[in-house]
Amino acid sequence: MEKNLTVKYQSKDVEVYIENGLLDNLTKYIDKEKRYFILTDENVKELYLDRLQKQLKNSIVYVLKPAEESKNIEESLKIITNMLSKNISKNDCIIALGGGVITDIGGFVASIYKRGIKYINIPTTLLAQVDSSLGGKCGVNFLVNNQYYKNQVGTIYHPDLILVDPLVLKTLKKADYLSGLGEVVKYGLCFDRELFEELFTDFLIEDVIFKCLKIKADITSRDEFENDIRMTLNFGHTIAHAIESYTNFLIPHGTSVAIGMLYEVSDELIINKLQTLYNKLGIIYNLNFNKSDLIKYIEKDKKITDQEINLPILIKIGQTKLIKIKTNDFLRGI
Ligand SMILES: NC(=O)c1ccc[n+]([C@@H]2O[C@H](COP(=O)([O-])OP(=O)(O)OC[C@H]3O[C@@H](n4cnc5c(N)ncnc54)[C@H](O)[C@@H]3O)[C@@H](O)[C@H]2O)c1
């Protein structure tokens, strides 16, 4: 059965629809006569592009190499060059069809192309369905001294529409599915105890996706530009971004978040409970990192200001708050 959310931001209302099989029913949601610039990656193109194209009268496709290596400023400029050469106008619309890499770079390009054109997110990974497709954060990685640093350039710019078809998750690789579950655990652990407990049972993924999106919708609509409570969504991310950069993105984002949360929870009982949940879900967490190696990446984190860090901390399962802490105290604690 279709689930729907309307998320009210200052700049626009964003409509979200979740339905099994939605991908074959696109014209229920979008105007097939419009011209679309579809941004996708090689894997998703093979699996799903045909299904979109046969329902749309006029679409142009741009295909990126899969994964994080494509989410950077250089690729964004190539996409823009292609859009200009195809005369994509303000009346046309981008469709970002793919995982978080595609929804992030698609949103970023949409936000700067001709000072902003419309875009629709069709997220195809669990991580993108529960998290990256909503909230308008569109960051790309930036190369400094031969090393890419995460999301150093970006905008907050919302899609008009988010179309979620949970059935596409069936083709995901296990590692990518587990990465999405890392973010799902974050939503339960930090904001919704019932959801956290549900993850120990045989849950229905479409219900879990809806619950995560409702939490994100509530938080991001109350603090669209990340001045306070939105930062609590970054729980586990300070360590996670450092792990991603340090391992050159070998460990996927959501899995890095799952590991980061273990570093950032201080209560032993909750750490044990989290580990039990990771074991049940199949999330691998017992990787040992040299802390001093992570520190140089943590220092590049956007949340660090003047030797202080805005850090979400867990009060209890289902409740998180934001504190300011001296960077050195934080680094000593990990
Ligand atoms: N903007 C935000 O608020 C936000 C939030 C969380 C994460 N992110 C970003 O999201 C990115 C990670 O996203 P991701 O985990 O979706 O990675 P991804 O986009 O790289 O996708 C992972 C892999 O899955 C493949 N894939 C996608 N859909 C598939 C399907 N249905 N079947 C089979 N294969 C499929 C892709 O080709 C890719 O190889 C990171 O860059 C992270 O920083 C952004």
Side-chain angles (χ1 to χ4, degrees), residues 1-9 11-64 66 79-125 128-129 132-136 138 157-172 206 209-210 213 217:
M1 211 181 64
E2 179 191 277
K3 295 182 167 70
N4 169 233
L5 271 178
T6 304
V7 193
K8 294 194 174 300
Y9 292 108
S11 49
K12 66 169 69 146
D13 290 1
V14 177
E15 290 294 332
V16 185
Y17 294 93
I18 306 170
E19 189 175 20
N20 285 326
L22 174 152
L23 214 58
D24 293 316
N25 225 343
L26 268 191
T27 52
K28 186 171 157 193
Y29 305 97
I30 67 180
D31 177 3
K32 67 173 187 240
E33 307 290 333
K34 248 178 117 70
R35 194 156 80 126
Y36 294 98
F37 185 85
I38 305 177
L39 188 67
T40 190
D41 74 23
E42 287 165 359
N43 297 333
V44 180
K45 168 182 175 270
E46 288 307 313
L47 290 161
Y48 299 111
L49 182 65
D50 272 6
R51 281 160 68 174
L52 251 74
Q53 279 197 297
K54 72 176 185 216
Q55 298 173 69
L56 306 173
K57 286 216 166 135
N58 191 351
S59 60
I60 292 161
V61 180
Y62 190 96
V63 183
L64 287 165
I79 297 167
I80 288 170
T81 308
N82 191 275
M83 289 170 74
L84 286 169
S85 73
K86 302 277 167 48
N87 290 322
I88 298 296
S89 79
K90 283 280 273 190
N91 294 327
D92 301 328
C93 178
I94 293 179
I95 294 180
L97 171 72
V101 162
I102 297 298
T103 57
D104 276 11
I105 195 169
F108 178 64
V109 166
S111 71
I112 56 175
Y113 187 77
K114 296 185 190 284
R115 298 193 192 89
I117 69 168
K118 290 190 171 184
Y119 77 108
I120 294 168
N121 276 336
I122 306 186
T124 61
T125 61
Q129 294 192 347
S132 73
S133 59
L134 177 70
C138 312
Y157 186 74
H158 301 282
D160 290 80
L161 188 61
I162 301 171
L163 299 175
V164 179
D165 184 347
L167 289 186
V168 302
L169 302 179
K170 289 194 185 310
T171 54
L172 267 189
E206 53 269 38
I209 293 168
F210 187 57
L213 285 174

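All values below were derived from every heavy atom in this structure, side-chain atoms included, with hydrogens, water molecules and symmetry-related copies excluded. The first residue of the sequence shown is numbered 1, and numbering continues consecutively from there.
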Any chance you could measure [X], atom [atom1], to [Y], atom [atom2], to the nearest 0.5 Å?
| X | Y | atom1 | atom2 | value |
| --- | --- | --- | --- | --- |
| Leu169 | Gln129 | CG | CD | 4.0 Å |
| Cys93 | Ile30 | SG | CD1 | 7.5 Å |
| Lys90 | Lys118 | NZ | NZ | 10.0 Å |
| Thr103 | Ile122 | OG1 | CD1 | 11.5 Å |
| Phe108 | Ile94 | CZ | CD1 | 11.5 Å |
| Tyr9 | Leu134 | OH | CG | 4.0 Å |

Worksheet item: Taking only residues two or more places apart in sequence, or in another chain, which ones meet Leu49 in a side chain to side chain contact (heavy atoms under 4.5 Å, CB included)?
Response: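 Here the qualifying residues are Ile38, Lys45, Gln53, Val61, Leu97.
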
Worksheet entry | Listed partners of Glu46 passing side chain to side chain contact (heavy atoms under 4.5 Å, CB included), at least two apart |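 If we apply the side chain to side chain contact (heavy atoms under 4.5 Å, CB included) test to Glu46, skipping adjacent residues, there are no hits.
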
[X] side chain vs [Y] backbone, donor-acceptor pair below 3.5 Å:
| X | Y | value |
| --- | --- | --- |
| Gln55 | Leu23 | yes |
| Asp165 | Gly21 | yes |
| Ser133 | Ala128 | yes |

Discussion item. Test side chain to side chain contact (heavy atoms under 4.5 Å, CB included) on Ile80 and Ile112; report intermediate values, then the result.
Written reply: CA-CA 9 Å; Ile80 288 170; Ile112 56 175; 3.7 Å; yes

For [X] and [Y], work out which heavy atoms get closest and say how close.
| X | Y | value |
| --- | --- | --- |
| His158 | Gly135 | CE1-O, 3.3 Å |
| Pro166 | Ile18 | CG-CG2, 3.9 Å |
| Gly98 | Val44 | CA-CG2, 4.1 Å |
| Tyr36 | Asp31 | OH-O, 2.7 Å |
| Asn4 | Glu15 | ND2-OE1, 3.3 Å |
| Asn121 | Ala96 | OD1-CB, 3.4 Å |

Worksheet item: Are Glu206 and Asn20 linked by a side-chain donor-acceptor pair shorter than 3.5 Å?
Response: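 Their side chains do contain a donor-acceptor pair, which is all the 3.5 Å distance test asks for.
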
Worksheet entry | Residues Thr171 and Tyr48: side-chain donor-acceptor under 3.5 angstrom |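 Indeed, the side chains of Thr171 and Tyr48 share at least one donor-acceptor pair under 3.5 Å.
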
Discussion item. Run the side chain to side chain contact (heavy atoms under 4.5 Å, CB included) test on Thr124 and Asn43 for me, step by step, so that the C-alpha distance in whole Å, both residues' side-chain angles and the decisive distance to 0.1 Å come before the verdict.
Written reply: CA-CA 11 Å; Thr124 61; Asn43 297 333; over 6 Å; no

Worksheet item: Which class fits the ring pair Tyr119 and Tyr157: parallel under 30°, tilted 30 to 60°, perpendicular over 60°?
Response: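 Parallel.
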
Discussion item. Which residue is it: Ile95, Val14, Val16, Ile120? I am looking for the one with a side chain to side chain contact (heavy atoms under 4.5 Å, CB included) to Leu161.
Written reply: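 Going through Ile95, Val14, Val16, Ile120 one by one, the side chain to side chain contact (heavy atoms under 4.5 Å, CB included) with Leu161 is satisfied by Ile120 alone.
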
Discussion item. Checking Ile209 against Lys3 for the side chain to side chain contact (heavy atoms under 4.5 Å, CB included) test, could you report, in this order, the C-alpha distance in whole Å, the side-chain angles of both residues, the deciding distance, and whether it holds?
Written reply: CA-CA 10 Å; Ile209 293 168; Lys3 295 182 167 70; over 6 Å; no

Worksheet item: When you look at NZ of Lys28, are more than 12 heavy atoms from neighbouring residues, nucleotides or ligands closer to it than 6.0 Å?
Response: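 Result for NZ/Lys28: enclosed.
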
Discussion item. Side chains of Tyr113 and Ile79, heavy atoms from C-beta outward: is any pair under 4.5 Å?
Written reply: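 Answer no - side chains too far apart.
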
Discussion item. Contact between Arg35 and Ile88 at the side-chain level, heavy atoms closer than 4.5 Å - yes or no?
Written reply: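 In short, these two side chains touch, coming nearer than 4.5 Å.
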
Item to complete: Assess whether side chain to side chain contact (heavy atoms under 4.5 Å, CB included) is satisfied between Leu22 and Val164, documenting all intermediate values.
Response: CA-CA 7 Å; Leu22 174 152; Val164 179; 5.8 Å; no

